[in-house]
Number of protein chains: 4
Amino acid sequence: MTASETRLRADARRNRDQIVAAARQVFAAAGPDVPMEEIARTAGVGVGTLYRRFPDREALIRAVARESFAQVLADAREAAAEEPTAWDALVRLAGRSHQLQASVQLALVSERAREILKGDRQTAEFRDALLAELDAIVRAAQAEGSVRADIGTGDVAILLSLVLRRPSAVDDPTLLASERVAVLMLDGLRARPGSPLPGRPITGEDLQIH
Amino acid sequence: MTASETRLRADARRNRDQIVAAARQVFAAAGPDVPMEEIARTAGVGVGTLYRRFPDREALIRAVARESFAQVLADAREAAAEEPTAWDALVRLAGRSHQLQASVQLALVSERAREILKGDRQTAEFRDALLAELDAIVRAAQAEGSVRADIGTGDVAILLSLVLRRPSAVDDPTLLASERVAVLMLDGLRARPGSPLPGRPITGEDLQIH
Amino acid sequence: MTASETRLRADARRNRDQIVAAARQVFAAAGPDVPMEEIARTAGVGVGTLYRRFPDREALIRAVARESFAQVLADAREAAAEEPTAWDALVRLAGRSHQLQASVQLALVSERAREILKGDRQTAEFRDALLAELDAIVRAAQAEGSVRADIGTGDVAILLSLVLRRPSAVDDPTLLASERVAVLMLDGLRARPGSPLPGRPITGEDLQIH
Amino acid sequence: MTASETRLRADARRNRDQIVAAARQVFAAAGPDVPMEEIARTAGVGVGTLYRRFPDREALIRAVARESFAQVLADAREAAAEEPTAWDALVRLAGRSHQLQASVQLALVSERAREILKGDRQTAEFRDALLAELDAIVRAAQAEGSVRADIGTGDVAILLSLVLRRPSAVDDPTLLASERVAVLMLDGLRARPGSPLPGRPITGEDLQIH
DNA sequence: GATGAATGAGCTTTCATTCAT
DNA sequence: AATGAATGAAAGCTCATTCAT
């Protein structure tokens, strides 16, 4: 949250937050190309207000992404702090992931959004902090013997990001599809005789690149 | 392939195929909203020709989806026929999945595309055939004791569909990220003491619904 | 200066003047269509303040034009009073004209501004007073034999107005282009055998019309 | 006229010409900021057509300017070739100038247009050719003794450009104001004892700069 | 049958003006 | 009274689709 965002008048602040919330929701539902007007309407403001706050669509996308990443990061830190074992923290993250869907989906699903976020320092910082947090958890889990040794933090991140996505086309029949997938995935990560993995562990650093 | 498509003159046929191929490629690269003109250009024809063959964007999306599904179906049948065990067939499908990415991504990633395909009988037929084939493989694998009993074909389909998606933002550092994910997923499906799954197995029928 | 403008509190008065000065400057630099917000910013006030003082853009344009015309009028009177001959007064006016550029350009260059000023009684009064003053000078010059007889005050006004405009696109190489043009123009007005002029002298009255 | 402009289908060509003609007229009447829609309407086409031919307003402005300059250049060459003396050529140019108003005004009056044209090689070429032509005429006139020696081609160009502009605000009472101004100007240029000019002659090269 | 030109609706963005603080 | 936030109308530009060549 930059200084400029703190200095807003009370009502302006409220509007700004409504806009970001609306954008998050509408982006999740219909992708990052929805008419700005629809976002404005959802937020209960005029387009003009939206544009006063965010000079163009990209700025809005960045704002949504930043808030989302920040929230996930907070979640990860909480899990690490509160759970007794690293494995439990991982389980909690994976299990909760479907709540975070809408938040992060934006950054993952749309080519356009990805392109925009590449250039955004703040998003990058959140992402790096998140990877660092995850790295600590994964290493701890491997140290405690709960996670197989032949994977890296990058592998876990990729796996989590896949689960993060809405199990798509499916009108989830059991309403538990996400959880089931998460558990299956965790079972794959478990430390015990498993299939040999091709290549080498993908680390957190590998993902910094992009 | 409908009757009308069979009756085309050789050159018209060639045009049609170029268009679908171009659309598949361009959709994969830039999403299902790319300008029709760009598709036409990529295919080396004028927009007029494109519209003569496909009355609107939806028709084109349907055509691309049908071909993609048909190809995946063929692949699945081949795997089932040629591999010695059901487990091997499953491995082959999962391993090959990244080749199919571009093909099916369309149907999975875009809200819009999904909406369009819902109403398409032919796509539905391919999808149902595919689910039937997968169901046979999964049941066989469970019968032969290689796949855990507490999952259904729907669970497998969902998992496969997740892996099908490009492992996202990542400029794959090992170029094997997809394979690694696939193996981890298969390890999760393996028949052996695993974590208890919430809910009930998701069947193929569960997915027919929509 | 109307009654309402006299009654302003000192600070309000200061604001008003800053606004008009800013408008004059910004109009000159970027035409009469600049965003009101930019004018307000240049004046160091909020848009709200600007609008409190001038109900809309037209009012502001009128105010700027009035002040500019008033200034030119004062200049002309001073020249007539202080110079020994009418010719000298004319020379002084023409020579100084480039100082007045920014002031009057507004009224001359922009179709829109012209339209607005047509209906403004006060601007008209200044303009008429200016034409009367100029008429006196021209007639006196003709009486003293320094200006050719076949031209009217209207001709002179038109010539002056042309010179008033910035000699266009040119990054004036000698920084004297305006002066040179003015002198050449005066040479054309000189009383001595010249080319015959088409039509009849254009008088001051001719210009009242619009 | 570039190759691309030659290859247009007959009807497209016709439309293109109508658009440029309409733009010239509308620009002259209302400045370079008129709604594109109005230009399209005047040309009898849809906005889309306009934009297909000219990707944005700047491209259109460039096209209009090029054609206008080309026309003036042709005029100057014709005058030089057909008139018996250089002085007559000059008179003809000055006298005809009001026909050229609309054509060149665009380049002179609007700050925006000027900025755009600065970067346009083709416009620059026409302008340079025009200056070269004018230079030949002015030097010839000075050689034949009809034009004073203390001025340069640049001075003449500036003077002409002033006259080129519509004598503005005036609903020309004699309908001859332009001609009268032109003659007065020519009288100022005449070779005979005149007032001393400040600075040095402004040459054609001086004007190349911008 | 193929082509690419024309159309016009739709979306983004800007800015004059109003109004809450 | 001053400020700057909100609004919405208007203009730029893009692209799906139709149609003349």
Side-chain angles (χ1 to χ4, degrees), chain A residues 7-16 19 33-40 43-60, chain B residues 8-9 11-12 15-16 33-41 43-60, chain C residues 8-9 11-12 15 33-41 43-60, chain D residues 7-16 19 33-41 43-60:
Chain A
R7 302 287 177 180
L8 289 176
R9 234 166 56 186
D11 56 338
R13 177 80 220 172
R14 201 177 326 115
N15 272 339
R16 202 204 97 101
I19 290 171
D33 293 326
V34 275
M36 293 297 258
E37 191 118 16
E38 185 171 334
I39 300 174
V45 303
V47 244
T49 303
L50 195 167
Y51 273 94
R52 160 180 285 267
R53 219 46 80 196
F54 304 95
D56 54 23
R57 180 184 294 275
E58 300 205 355
L60 182 56
Chain B
L8 291 175
R9 249 168 46 186
D11 58 338
N15 270 345
R16 203 204 96 100
D33 292 327
V34 277
M36 295 296 261
E37 190 120 13
E38 186 172 335
I39 300 173
R41 200 176 332 115
V45 303
V47 247
T49 306
L50 195 167
Y51 271 92
R52 161 174 297 271
R53 223 43 86 197
F54 304 94
D56 55 22
R57 180 184 292 274
E58 300 206 354
L60 182 56
Chain C
L8 291 173
R9 253 170 40 188
D11 58 337
N15 270 346
D33 292 326
V34 277
M36 295 297 260
E37 191 122 11
E38 186 173 335
I39 299 174
R41 201 178 328 116
V45 302
V47 251
T49 306
L50 194 167
Y51 271 92
R52 160 173 297 271
R53 224 41 88 196
F54 303 94
D56 56 21
R57 179 185 293 274
E58 301 206 354
L60 182 55
Chain D
R7 302 287 176 181
L8 290 175
R9 234 166 57 182
D11 57 339
R13 176 79 218 172
R14 202 178 325 116
N15 272 340
R16 202 206 97 101
I19 290 171
D33 293 326
V34 275
M36 295 296 259
E37 189 118 16
E38 185 171 335
I39 300 174
R41 201 177 330 113
V45 304
V47 244
T49 304
L50 196 167
Y51 274 96
R52 160 180 286 266
R53 220 44 82 195
F54 304 96
D56 54 23
R57 180 184 293 276
E58 300 206 356
L60 182 54

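All chains are named by letter (A, B, ...) in the order of the sequence lines, taking the proteins before the strands, and each is independently numbered beginning at 1. Quick caveat, the model's predicted, so the values are computed rather than measured.
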In whole angstrom, what separates B/M36's CE from E/dT3's P?
15 Å
5′-ward residue of the pair C/V47/A/R14 relative to DNA chain E:
C/V47
How long is the line joining CD of D/E37 and C1' of E/dA9, in whole Å?
11 Å
Provide the Watson-Crick or G-U wobble partner of F/dT21, both distances under 3.5 Å; none if there is no partner.
E/dA2
If you compare every side-chain N and O of D/R52 against the phosphate oxygens of E/dG4 (OP1, OP2), does one of them come in below 4.0 Å?
no
Of the listed F/dA6, E/dA6, F/dA16, the closest approach to the B/Y51 side chain comes from F/dA16
Within the side chain of C/D56, is there an N or O that forms a donor-acceptor pair under 3.5 Å with the backbone of C/A59?
yes
Does the side chain of D/M36 reach to within under 4.5 Å of the side chain of D/L50, using non-hydrogen atoms?
yes
Comparing nearest nucleotides in DNA chain F, the 5'-proximal residue of the pair C/V45, B/D56 is C/V45
Searching all strands shown, indicate the nucleotide that pairs with F/dT14 (Watson-Crick or G-U wobble; both distances under 3.5 Å).
E/dA9
Rounded to the nearest Å, what distance is computed from the CZ atom of residue B/R41 to the P atom of nucleotide F/dC15?
10 Å
How many whole angstroms separate atom CG of D/L50 from atom C1' of F/dC15?
16 Å
Nearest 0.5 angstrom please: B/R52 CZ to B/R16 CZ, how far?
14.5 Å
Could you check whether any side-chain heavy atom of A/R57 comes within less than 4.5 Å of a side-chain heavy atom of A/L60, counting everything from C-beta outward?
no
Any side-chain N or O of D/R53 less than 4.0 Å from the OP1 or OP2 oxygen of E/dA6?
yes
Return whichever of D/G48 or B/G44 has its heavy-atom-nearest nucleotide of DNA chain E closer to the 5' end.
B/G44
Interatomic distance where CG belongs to C/L60 and P belongs to E/dT17 [whole Å]:
11 Å
Identity of whatever pairs with F/dA9 - Watson-Crick or G-U, under 3.5 angstrom
E/dT14
Rounded to the nearest angstrom, tell me the gap between atom CG in A/D33 and atom C1' in F/dC15.
14 Å
Against the side chain of D/T49, the closest entry in E/dG8, E/dA6, F/dG12 is E/dA6
Between C1' on F/dC13 and CD on D/E58, what's the gap in Å once rounded to a whole number?
14 Å
Given atom CZ of B/R57 and atom C1' of F/dA16, what is their separation to the nearest angstrom?
8 Å
F/dA2 phosphate, OP1 or OP2: any side-chain N/O from C/N15 under 4.0 angstrom?
yes
